[in-house]
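Computed from a predicted structure; not experimentally measured.
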Amino acid sequence: MWVFPLLASGVAFVFAGRLFADYARRRQPYQLAWAIALAMYGVASFVVVLGGLDGWSDREFAVYWALGAVLNVPFLAGGELMLLVRNQAFRWAVWLVLIFLTAVTVATLRGAAFDPAALAERLPSGKDVFGDGSSAHRLPQLISIPSYVVLVGGALWSAWRMRGRPELRDRSIGTLLIAVGATVIAGFGSAFAAVGNMPAFSISLLVGITVMFAGFLRASRRREPAPA
C-alpha cells in the first residue's frame with residue numbers, strides 16, 4: 001500500500017509546484033496559501049510511506065498529524081476565502097488566523113504524549129496515539145472540520161455564481177472537482193484513517209489529490225475565443 005501514498009505525494013508536490021509558479025508570476029495570495037497546503041499534503045503523504053514501511057516514530061506521526069490531519073485544509077480554505085474576498089485587510093486577517101492555527105497545532109503536539117503501543121500499528125489512529133478527547137486528538141475536529149465546511153461551501157458558491165455562463169464552464173466544473181477531491185480526502189480518507197484501514201486510506205489519498213489537481217487544471221484552462 002506504500003505505492004499509493006507515494007504517488008499521492010508526487011501529485012501533491014507537482015500541484016504545489018504549479019501553484020508556486022503561478023504565485024511567482026501573478027502574486028495572488030490565494031495561490032500561495034494553496035501552494036503551502038499542497039506542499040503540506042505532499043510531506044504528510046510521504047510520511048505515511050515511511051510509517052507504513054519502517055514503523056511510526058513520535059516525530060513522524062506528529063508531522064503526519066499536523067500537516068495531513070490538521071493544517072492543510074485550513075490553508076486550502078484560507079486560500080478559497082482570499083479568492084472570494086478581494087480585500088487586502090481581509091486577506092491579512094486570514095493570514096493571521098492561519099499563523100495562529102499553525103502555532104496552536106505545533107504547541108499542542110509538542111506537549112502531547114504518544115502511546116508507543118498505538119504507534120506500532122500499520123496506520124495508527126490519533127484517538128489511540130494521543131488518547132480519546134485529548135487536545136491533540138481534538139485538533140482536527142476543532143480546526144479541520146470547520147475549515148472543510150468553509151472550503152467546500154466556498155467552492156460551491158463559486159460554481160453557483162458561474163452557472164449559465166459558457167465562457168466560465170471550465171472554471172465551474174474545475175471548482176466542483178476540487179470540492180469533490182477535498183471531500184474524498186477529508187471525508188472518506190479521514191474515516192478510513194480513524195479505523196486504521198490502510199489500503200482504503202492509501203487509495204483515498206491518491207484519488208482525492210488527483211481529482212483536485214484535475215479540477216485545478218480544468219479551472220485554469222484558457223478557453224479559445226470563438227471564430228468570427
Side-chain angles (χ1 to χ4, degrees), residues 1-2 4-5 8-9 12 33 36-78 94 96-153 181-209 212:
M1 287 296 104
W2 61 268
F4 294 104
S9 179
I36 294 172
L38 270 300
M40 288 179 178
Y41 190 94
V43 173
S45 297
F46 187 72
V47 171
V48 172
V49 176
L50 299 179
L53 288 176
D54 300 325
W56 293 84
S57 67
D58 291 6
R59 181 172 298 180
E60 286 174 345
F61 194 81
V63 171
Y64 156 74
W65 194 252
L67 303 186
V70 182
L71 290 175
N72 75 82
V73 178
F75 274 80
L76 287 172
V94 172
L96 289 174
V97 170
L98 293 176
I99 292 170
F100 172 76
L101 293 178
T102 302
V104 168
T105 299
V106 171
T108 301
L109 290 176
R110 282 175 63 89
F114 295 77
D115 186 337
L119 289 173
E121 298 293 330
R122 191 177 184 190
L123 179 60
S125 164
K127 176 181 177 181
D128 296 330
V129 171
F130 299 119
D132 188 13
S134 65
S135 297
H137 172 233
R138 294 189 64 194
L139 282 173
Q141 302 168 28
L142 299 175
I143 297 176
S144 294
I145 293 177
S147 299
Y148 166 75
V149 173
V150 171
L151 173 63
V152 174
T183 299
V184 171
I185 296 167
F188 294 97
S190 297
F192 293 136
V195 297
N197 189 331
M198 183 66 162
F201 173 68
S202 299
I203 293 171
S204 68
L205 287 179
L206 178 58
V207 171
I209 194 62
M212 288 184 69

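Counting heavy-atom neighbours within 6.0 Å of Phe61 CZ, excluding the residue itself, gives a total above 12.
Judged as a side-chain contact (heavy atoms from CB on, under 4.5 Å), and not counting sequence neighbours, the contacts of Val43 are Phe13, Val47, Val63, Leu67. Every residue two or more places apart in sequence or in another chain that forms a side-chain contact (heavy atoms from CB on, under 4.5 Å) with Thr105 is listed here: Ala66, Val70, Leu71, Leu109, Leu139, Ile143. Not counting sequence neighbours, the partners of Leu53 by the side-chain contact (heavy atoms from CB on, under 4.5 Å) test are Trp2, Val49. By the side-chain contact (heavy atoms from CB on, under 4.5 Å) test, Ala186 is found to be paired with Tyr148, residues two or more places apart in sequence or in another chain being considered. Partners of Phe114 under the ring-ring contact (aromatic ring centres under 6.0 Å, His included) rule, at least two apart in sequence or in another chain, are Phe130.
When all heavy atoms of Pro146 and Gln141 are compared, the closest pair comes out as CD-O, 3.5 Å. Considering all non-hydrogen atoms of both residues, Ser147 and Ala77 come closest at O-CB, 3.3 Å. The two residues Pro140 and Trp65 come nearest to each other via the heavy atoms CG-CZ2, 3.5 Å. The two residues Phe201 and Gly189 come nearest to each other via the heavy atoms CD1-O, 3.2 Å. The two residues Leu123 and Ala193 come nearest to each other via the heavy atoms CD2-CA, 3.9 Å.
Sorted by first then second residue, the side chain to side chain donor-acceptor pair (under 3.5 Å) pairs that include residues 46-58, not counting sequence neighbours, number zero.
Inter-residue side-chain proximity for Leu119 and Asp128 is flagged as unmet; no heavy-atom pair is nearer than 4.5 Å. Here the side chains of Thr102 and Phe75 are in contact, with some heavy-atom distance below 4.5 Å. For the pair Tyr64/Val48, a side-chain contact is recorded, criterion being any heavy-atom separation below 4.5 Å from C-beta on. Residues Ile203 and Phe192 are not in side-chain contact: their nearest non-hydrogen atoms beyond the backbone lie 4.5 Å or more apart. Val73 is not listed as a side-chain neighbour of Ile145, based on a closest heavy-atom distance of 4.5 Å or more. In this structure, Leu98 and Pro74 have side chains that are in contact, with non-hydrogen atoms separated by less than 4.5 Å.
Atoms CD1 and OG, on Ile185 and Ser144 in that order, are 12.0 Å from each other to the nearest 0.5 Å. Atom CG in Leu76 sits 6.0 Å away from atom CG in Leu38 (nearest 0.5 Å). How far CG of Leu50 is from OG of Ser45: 11.0 Å, rounded to the nearest 0.5 Å. Separating the OG atom in Ser9 from the CG atom in Leu206 is a distance of 11.0 Å, to the nearest 0.5 Å.
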